[in-house]
Amino acid sequence: MDRDRRNQALTLYEGLLRAWNDQNADGFGAVFTENGSAVGFDGSTMNGRQEIVETIRAIFMNHRTATYVAKIRDVRELGADVVL
C-alpha cells in the first residue's frame, strides 16, 4: 500500500475519534459516505449518514460518553477501494 492511502486511512480514523471525543455528531457522520453504515457498541446498526448523525447526536445529548483512544497496529489494503 502506498504511503498516501495509509495516511488517508489514518486521517479518517483520527477524525472519527476526534469527532466522538468532541461530541460532534456532524463531524462523526462526515467521515461516512451518504449510504455508509455503522455498528454501535451494543450491536445496533445505523444505515446512511443521516441516521448515523441523528443517532450519535441523541447519544451525545443523553449520555456522557467515554473518551476513545487508539493504538494503530496495522493498516491493510483489502481491495482497490477498501482499507482496514
Side-chain angles (χ1 to χ4, degrees):
M1 171 184 344
D2 69 36
R3 193 175 236 35
D4 285 340
R5 284 183 57 105
R6 183 180 191 285
N7 288 339
Q8 287 174 341
L10 291 173
T11 298
L12 184 73
Y13 185 60
E14 290 165 354
L16 182 75
L17 293 182
R18 187 174 6 331
W20 178 270
N21 291 338
D22 291 344
Q23 293 199 330
N24 178 348
D26 291 319
F28 189 90
V31 303
F32 292 88
T33 61
E34 197 62 40
N35 62 348
S37 296
V39 179
F41 75 94
D42 61 354
S44 61
T45 58
M46 297 164 272
N47 296 301
R49 183 183 295 144
Q50 182 176 348
E51 184 178 352
I52 292 168
V53 170
E54 290 170 358
T55 301
I56 296 300
R57 182 173 287 125
I59 290 170
F60 290 159
M61 288 175 52
N62 297 304
H63 302 282
R64 184 166 185 215
T65 56
T67 300
Y68 284 172
V69 296
K71 181 175 183 177
I72 309 300
R73 296 182 181 189
D74 193 13
V75 179
R76 298 180 192 182
E77 190 169 19
L78 301 181
D81 296 324
V82 180
V83 176
L84 174 67

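No hydrogens, no waters, no symmetry mates; every other heavy atom, side chains included, goes into these values. Please read all numbers here as calculations on a predicted model, not as lab measurements.
Considering only heavy atoms from C-beta on, T45 comes within 4.5 Å of N47 through its side chain. E77 places none of its side-chain heavy atoms less than 4.5 Å from the side chain of D2.
Within a 6.0 Å sphere centred on CE of M1, heavy atoms belonging to other residues, nucleotides or ligands number more than 12.
Under the 4.5 Å side-chain heavy-atom criterion for Ile, Leu, Val, Met, Phe, Trp and Tyr, F32 and M46 are members of the same hydrophobic cluster. If you chain together hydrophobic residues whose side chains sit under 4.5 Å apart, V31 and I56 fall into the same group.
Of all non-hydrogen atoms in V83 and R5, the two that sit nearest each other are CG2-NH2, 3.3 Å. Nearest heavy atoms, A19 versus G27: CB-C, 3.5 Å.
In terms of the salt bridge (Lys or Arg N to Asp or Glu O under 4.0 Å) criterion, residue partners of D26 (sequence neighbours excluded) are, by chain and number, R57. The side chain to side chain donor-acceptor pair (under 3.5 Å) check on T65 picks up Q23, with sequence neighbours excluded. Under the side chain to side chain contact (heavy atoms under 4.5 Å, CB included) criterion, R18 pairs with E14, D22, sequence neighbours left out. Taking Y13 as the reference, nothing meets the ring-ring contact (aromatic ring centres under 6.0 Å, His included) condition, with sequence neighbours excluded.
Atom CD of E51 sits about 8.5 Å away from atom OG of S37, to the nearest 0.5 Å.
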- [ ] Starting from the C-alpha separation in whole Å, work towards a yes-or-no answer on side chain to side chain contact (heavy atoms under 4.5 Å, CB included) for I52 and F28.
- [x] CA-CA 8 Å; I52 292 168; F28 189 90; 3.9 Å; yes
Output a table of donor-acceptor pairs, distance under 3.5 Å, between side-chain atoms of residues 66-75 and any protein atom two or more places apart or on a different chain; print 'none' if there are none.
| from | atom 1 | to | atom 2 | distance (Å) |
| --- | --- | --- | --- | --- |
| D74 | OD2 | R76 | NE | 2.6 |
| D74 | OD2 | R76 | NH2 | 3.3 |

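The stretch residues 39-66 participates, sequence neighbours left out, in these ring-ring contact (aromatic ring centres under 6.0 Å, His included) pairs: W20-F60.
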